[in-house]
Amino acid sequence: MQQELKATKDIIVIGAGVIGLSTAIKIQEKGGYRVTIVAETFPTDPKTIRYTSHWAGAHHVSGAYGSKRQREMDSETFDIMWKDSENGGPVEGCFFRHKNTQYRSDGVDPSEWLDHMPGFRPVSNDELVPGATHGWTFTTLTLYPPVYLNWLLGRFLGNGGKVVRAQLQHINQAIHGGISGLPQEPDAVVACVGLGARFLGGIEDKEVYPVRGQTVVLKAPWVRYGRTLTYADGSHFYLMPRATGDVLVGGIRVADDWFPVPREQDRDYLLAGGLAMCPELAPPDIRAERMPTVDDLRPLIVDEGCGLRPGRKSGIRLATEWPEGSKIPVVYNYGHSGMGFQSSWGSASVALNFLEEALAGEKPGKAKEYEIWPADYTGRRDHVC
C-alpha cells in the first residue's frame with residue numbers, strides 16, 4: 001500500500017472552467033494521479049463576468065479552418081459529447097441533438113472541418129435564408145452549460161478529486177506551496193487559466209485578450225433547430241436551441257472590450273439579426289397574422305448576459321515548460337477563445353500527453369509547445385461561441 005501511494009503523483013490544476021474541469025477529469029481517470037483543482041470561482045457559484053464558461057451557448061460547431069490539430073481536438077470532443085448525449089446518458093436535461101444549418105456569404109466553405117458531422121450536406125439555393133449565398137446542414141448538439149459544468153464538477157469529486165477555493169497571485173503559489181489545502185510538493189501544475197493568463201504572476205501572457213460576447217435567451221420551444229449566418233463583412237449571428245425549450249441568440253464578438261454587463265443596443269442588434277435569419281423565432285400565432293417584428297420577441301426574453309472569451313493572438317497555448325529554478329513542470333492549456341466547449345476533451349488529451357511526457361523524464365528547461373492556430377487565423381477563430 002505504501003508503495004502504491006508513493007507512486008501516485010500529485011497534480012494541481014488551476015482553473016475550474018470547462019477546460020480546467022475536463023483536463024482535471026482526463027488526468028484523474030488516466031489513473032496514477034491525485035488531482036486537486038484550485039480556482040477562485042466554481043460552477044456552483046452565481047454567474048459572474050469572471051467565469052466565462054457559464055455564459056457559453058454552447059453548441060458543437062467546429063471553426064477549425066486550416067488547423068489540423070484543432071480539427072482533431074474538436075472531433076475527439078464531439079465524439080465524447082455525442083456519446084454522452086444519447087438517450088439515457090449520464091447528464092439528464094443537458095444535451096439536445098438537432099439539425100444545424102450554417103449559412104454564409106463570406107466565401108468560406110466549411111466542408112473541410114465539418115464534413116465528418118452526421119448528415120452533413122450542402123443545402124440547395126431554395127433553402128437559403130436572406131443574405132446567404134451558400135449553406136450546409138448537419139446534425140449536432142447543444143448543451144446547457146450550468147448543468148454540464150456542475151456534472152463535470154460532480155464527476156471529478158465523485159472520483160475522489162479535491163477542490164480548493166483560492167485566488168492565486170502567482171503560479172509559484174501552486175508550484176512551491178503556501179496555499180492551505182493544496183499539495184505543498186506537487187509533481188506538476190496544469191494551468192487552465194483562461195483570461196486569467198493575462199494577469200497571473202509567472203504567466204502574464206500579454207497575447208491574451210478578451211473577446212466580448214453577448215447573448216439573449218428566448219422562450220421559444222417551437223424552434224428545435226440551430227442556425228448560424230456569417231455575412232461577407234464578417235458579422236455573424238447564431239441561434240442555439242436548448243433542452244430546456246429556450247433558444248439562445250448571439251452574434252457579438254468584440255476584441256479588447258471589457259464591458260461586464262449586457263448593452264441595450266447589443267440586445268436590439270441580436271434580436272434584429274436573429275429575426276432576420278429566423279422569422280420562426282416569433283410566436284406562431286403572430287406569424288399567422290402578420291410579419292413579426294423585434295417587439296414581438298421582447299416578451300419572450302427569459303435571460304441575457306455577456307462573457308469575455310479568452311482570446312490569444314497566436315492561438316491556444318498548449319505547452320510544457322519548467323519555470324526558472326524549478327524541477328516541477330507546468331503544462332499550459334488556455335487561450336481557447338470561443339472554442340472551449342468544442343475542443344475541451346481533445347485539448348485535455350493533449351495536455352495529459354504533455355504531462356505524462358514531462359513526468360517520464362523530460363529534462364528541466366526543455367519546453368514543448370503546439371501551435372494550434374497559425375497567425376492567419378487569429379481573426380477567424382473567434383467566430384464560434
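FYI, the numbering just counts along the sequence from 1.
Legend: residues meeting side-chain contact (heavy atoms from CB on, under 4.5 Å) with P118, ordered by chain and number and at least two apart, are F78, W82, T139. N353 pairs by the side-chain hydrogen bond (donor to acceptor under 3.5 Å, both in side chains) definition with nothing, not counting sequence neighbours. Under the rule for a side-chain contact (heavy atoms from CB on, under 4.5 Å), the partners of R287 that lie at least two apart in sequence or sit in another chain are W222, E280, A282, P284, P292.
Among all heavy-atom pairs drawn from L114 and F138, the shortest one is CD1-CE2, 3.9 Å. Nearest heavy-atom pair across S53 and G17 is OG-CA, 3.6 Å. Shown here for Y231 and P130, the closest heavy-atom pair between the two residues is OH-O, 4.3 Å. Minimum heavy-atom separation, T133 to L128: O-CD1, 3.5 Å.
Using a 4.0 Å cut-off between a side-chain N of Lys or Arg and a carboxylate O of Asp or Glu, R71 and D74 do not qualify as a salt bridge. The residues R267 and E304 are annotated as salt-bridged, a charged nitrogen and a carboxylate oxygen being separated by less than 4.0 angstrom. Salt-bridge check for R263 with D257: passed, with a basic side-chain N closer than 4.0 Å to an acidic carboxylate O. A salt bridge links R298 with D268: the closest approach of a Lys/Arg side-chain nitrogen to an acidic carboxylate oxygen falls below 4.0 angstrom. Between R212 and D266, at least one side-chain N (NZ, or NE/NH1/NH2) sits under 4.0 Å from a carboxylate O, which counts as a salt bridge.
Annotation: side chain of Y144 is in contact with side chain of T244 (closest heavy-atom distance under 4.5 Å). Proximity of K26 to S349: side-chain heavy atoms (C-beta onward) are separated by under 4.5 Å at one or more points. Within the 4.5 Å cutoff, no side-chain heavy atoms of F259 are placed close to those of C306. Between L168 and V38, the closest side-chain pair of non-hydrogen atoms falls below 4.5 Å. Residues V217 and I301 fail the side-chain proximity criterion, which asks for heavy atoms closer than 4.5 Å. In this structure the side chain of T215 never reaches within 4.5 angstrom of the side chain of V249, judged on heavy atoms.
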Inset, instruction - Please step through ring-ring contact (aromatic ring centres under 6.0 Å, His included) for the pair F237 and Y103, ending with a clear verdict. - result: CA-CA 10 Å; F237 295 93; Y103 299 103; over 10 Å; no

Inset, instruction - Using the side chain to side chain contact (heavy atoms under 4.5 Å, CB included) rule, take L229 and Q102 through it: C-alpha gap first, then chi angles, then the decisive distance, then the call. - result: CA-CA 6 Å; L229 173 58; Q102 186 172 116; over 6 Å; no

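Remark: R224 qualifies as a cation-pi partner of F96 under the 6.0 Å distance and 45° angle criteria applied to the six-membered ring. For the pair K47 and W55, the cation-pi test (distance below 6.0 Å, angle within 45°) is passed.
Pairs passing the ring pair (Phe, Tyr, Trp, His ring centres under 6.0 Å) check and including a residue from residues 294-320, sequence neighbours excluded, do not occur. Among pairs with a residue in residues 146-177, those fulfilling ring pair (Phe, Tyr, Trp, His ring centres under 6.0 Å) read F95-Y148, Y148-W151, at least two apart in sequence or across chains. Residue pairs meeting the ring pair (Phe, Tyr, Trp, His ring centres under 6.0 Å) criterion with at least one partner in residues 298-318, sequence neighbours excluded, do not occur; the list is empty.
Exactly one of R242, H98, R97 qualifies for a side chain to side chain donor-acceptor pair (under 3.5 Å) with T142. That residue is H98. Each of R198, R312, K313, R317 was evaluated against D205; a single residue qualifies, R312, per the side chain to side chain donor-acceptor pair (under 3.5 Å) test.
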